[in-house]
Amino acid sequence: MNNLQDCTYEIFENDRPKYLAYEEAIYKRLVDLKNEGATRAVLMVVGAGRGPLVDRAIKASASAKVPLKLYVIEKNPNAVVTLRAKNARCWFDQDVTLVHTDMRDWKAPEKADIIVSELLGSFGDNELSPECLDGALDHLKEECIYSGDCTAFVPDLHA
């Protein structure tokens, strides 16, 4: 089993525009759910790493004024240590369930309104994300929108 090292997570977590885009997308979906009459949303972060998507989901929830039930799924035992610490220190007032398992093996206790993931890989390597996410789709409510498109790209680089 290959697990990312802490320094690898740190590099990816420095991508502020990416996390702002995730937060905005989650916020927009939560507003849609609220407008449809939802008073709570179920959000699953699959392949949670050290939790940056959880942080952004919580911020989006506060902005949209829609409480979340969060399921945080991660298989890397090193990342789970960090997630447990963040849960105790930062997310203690949130409805968070940490699950230490491979997302493909997990049996969710309820269906999700939103599933987010940022499976990481090098250029040309999708870290099995289509195969992993296909299994996670079983946990998504039927009325949800799913984009089956995955695109790897290299952004412009400026010095």
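Since this is a predicted model, take the numbers as computed values, not measurements.
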**Q** Run the salt-bridge test on E74 and R84 with the 4.0 Å N-O cut-off and return the result as yes or no.
**A**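 So E74 does not pair with R84 through a salt bridge.
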**Q** How long is the straight-line distance from CG of L30 back to CG of N35, given to the nearest 0.5 Å?
**A**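 N35 atom CG to L30 atom CG measures 11.0 Å (nearest 0.5 Å).
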**Q** Looking at A62, is its backbone amide N or carbonyl O close enough to the side chain of Y27 to form a donor-acceptor pair, meaning the two atoms are under 3.5 Å apart?
**A** no
**Q** Report the residue from V46, D102, V99, D105 that forms a side-chain contact (heavy atoms from CB on, under 4.5 Å) with K75.
**A** D102
**Q** Of all residues at least two apart in sequence or in a different chain, which pass the salt bridge (Lys or Arg N to Asp or Glu O under 4.0 Å) check with D95?
**A** K69
**Q** Nearest 0.5 angstrom please: N87 CG to F92 CZ, how far?
**A**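 CZ of F92 is found 10.5 Å from CG of N87.
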**Q** Does a side-chain heavy-atom distance below 4.5 Å link L98 with V80?
**A**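 Contact flag for L98/V80 side chains = no.
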**Q** Side chains of L70 and V54, heavy atoms from C-beta outward: is any pair under 4.5 Å?
**A**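 L70 vs V54: side chains touch.
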**Q** Could you check if a side-chain atom of E36 sits within less than 4.5 angstrom of a side-chain atom of L33, using non-hydrogen atoms only?
**A** yes
**Q** Might you point out which heavy atoms bring R56 and L20 nearest each other, and give the distance in Å?
**A**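 Heavy atoms of R56 and L20 come nearest at NH1-CD2, 3.3 Å.
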**Q** Looking only at heavy atoms, what is the nearest atom pair of A48 and L83, with distance?
**A**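 Where A48 meets L83 most closely, the heavy atoms are CB-CD1, 4.2 Å.
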**Q** Between M103 and G47, which heavy-atom pair has the shortest distance, and what is it?
**A**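 So the two residues come closest at CE-N, 3.6 Å.
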**Q** Within this structure, what is the CD1-CG distance for the pair I58 and D93, rounded to the nearest 0.5 Å?
**A** 7.5 Å
**Q** Residues in side-chain hydrogen bond (donor to acceptor under 3.5 Å, both in side chains) with D55, at least two apart?
**A**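 So D55 forms a side-chain hydrogen bond (donor to acceptor under 3.5 Å, both in side chains) with K86, W91.
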**Q** Where is the tightest heavy-atom contact between A64 and V31, given as atom of each residue plus distance?
**A** CB-CG2, 4.0 Å
**Q** Looking at S61 and P67, what are the two nearest heavy atoms and their distance?
**A** OG-CA, 3.8 Å
**Q** In terms of hydrophobic clustering (I, L, V, M, F, W, Y; side-chain heavy atoms under 4.5 Å; direct or indirect links), are V96 and Y19 co-clustered?
**A** yes
**Q** Just wondering, do I26 and E23 contact through their side chains at under 4.5 Å, heavy atoms?
**A** no
**Q** Is I73 close to T101 at the side-chain level, that is, under 4.5 Å between some pair of heavy atoms?
**A** yes
**Q** Rounded to the nearest 0.5 Å, how far apart are NZ of K59 and CD of E24?
**A** 13.5 Å
